[in-house]
Amino acid sequence: MKKKILDLIKKKNKQKIVSLTAYSKNIASILDNHCDIVLVGDSLGSVLYNYKSTREVSIDMMIEHSKSVRKGIKKALMVVDMPHNTYRNSKEALKNAKKIISQTKCDAVKLEGGKKIYKVVKTLIKNKIPVMGHLGLLPQSDKTFKFKGKQKIERDKILQESQLLEKAGVFSIVLECIETSLAKIITRSINIPTIGIGASKYCDGQILVFDDLIGLNPIDYKFVRKYLNIRKEISMAISNYSKDVRKNKFPSKKHSY
Ligand code: KIV
């Protein structure tokens with residue numbers, strides 16, 4: 001296993017893991033100084049392209065954004081989401097994961113699901129492709145966006161699938177929007193780090209969509225703390241720029257050749 005991945009696993013029970021999404025170089029280069037993991041998430045479909053779901057994201061879109069992100073990352077572990085319909089069977093998954101890794105030079109890929117993708121995950125790992133799992137709310141396949149783990153049957157399924165993914169060899173699992181006590185149980189029952197989004201403080205690490213954290217996305221989600229109101233900052237800057245242009249104060253001599 002790659003040293004970076006072993007170092008990440010060693011953080012379990014010792015140090016919280018910090019992760020965020022990035023879709024381009026400039027942002028990635030800032031996150032690289034603070035994050036253990038930078039994820040090129042297929043959330044870019046809704047965040048950047050206003051798609052109704054991540055199901056519309058293509059492998060080529062993921063590759064182009066990942067190539068940009070790669071240029072901004074030196075230290076963090078770079079993980080790329082395999083988009084919907086690119087890992088329906090082992091052969092397809094292997095071909096597409098190899099394509100993503102060779103073209104983007106990312107460190108690992110992330111796949112959504114449990115039992116359904118067990119064989120696929122095993123094939124990728126057998127072929128030395130590091131895999132991150134993703135359980136709980138699964139945006140690529142879930143029709144409704146409700147938190148998971150209310151009913152016993154659902155709780156048991158997610159717990160069993162987290163153990164199954166660990167057995168398949170994933171190095172970490174994202175837990176999206178699951179009930180607090182379930183996140184705690186899962187985190188205690190497996191030896192690899194859990195990374196939560198809307199899954200309580202009991203996970204080994206946290207991930208958020210960067211645009212949500214800085215308040216660029218105007219939507220408020222229960223599980224997001226906005227650390228910045230970037231829309232207000234941008235709006236003020238653009239307002240000042242437009243005033244300067246209209247009053248012929250920009251460009252000045254300093255900004256002219
Ligand atoms: O696509 C994404 O950004 C993700 C994170 C929300 C975990 O999968």
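Just so it is clear, the values below take in all heavy atoms, side chains as well, and ignore hydrogens, waters and symmetry mates. Start at 1 and go down the list; that is how both ligands and their atoms are numbered.
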Give the atom numbers and elements of ligand 1 that come within less than 4.0 Å of a heavy atom of [X].
{"X": "T21", "result": "3 (O)"}
{"X": "D42", "result": "1 (O)"}
{"X": "K110", "result": "4 (C), 8 (O)"}
{"X": "H134", "result": "8 (O)"}
{"X": "G41", "result": "1 (O), 2 (C), 3 (O)"}

Review item, side-chain donor-acceptor pairs of residues 77-85, under 3.5 Å, at least two apart:
unit_1	atom_1	unit_2	atom_2	d
D81	OD1	K110	NZ	2.8
D81	OD2	D42	N	2.8

Does NZ belonging to K157 count more than 12 external heavy atoms closer than 6.0 Å?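 Check fails, neighbour count at 12 or below.
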Closest non-hydrogen protein atom to [atom], residue and atom name please, with distance?
{"atom": "atom 4 (C) of ligand 1", "answer": "L39 CD2, 3.6 Å"}
{"atom": "atom 3 (O) of ligand 1", "answer": "S43 OG, 2.5 Å"}
{"atom": "atom 6 (C) of ligand 1", "answer": "I197 CD1, 3.6 Å"}

Applying a strict 4.0 Å limit to heavy atoms, is E112 in contact with ligand 1?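 No heavy atom of E112 comes that close to ligand 1.
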Indicate yes or no: at least one non-hydrogen side-chain atom of V224 is less than 4.5 angstrom from one of N217.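 V224 does not reach N217 side chain to side chain.
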I want to check something: taking the side chain as every heavy atom from C-beta on, are Q103 and S66 in contact at a cut-off of under 4.5 Å?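 They are not in side-chain contact.
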Are D204 and K12 close enough for a salt bridge, meaning some N to O gap below 4.0 Å? yes
Taking K67 first and then E64, would you say they form a salt bridge - that is, a charged N and a carboxylate O separated by under 4.0 Å?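 Here K67 pairs with E64 in a salt bridge, since their nearest N and O are under 4.0 Å apart.
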Under 4.0 Å, heavy atoms only, figure out whether ligand 1 is touched by the backbone of D81, its side chain, both or neither.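 D81 to ligand 1: side-chain contact only, backbone stays beyond 4.0 Å.
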Among D211, D212, D220, find the residue that satisfies the salt bridge (charged side-chain N to carboxylate O under 4.0 Å, His left out) test when tested with K226. D220
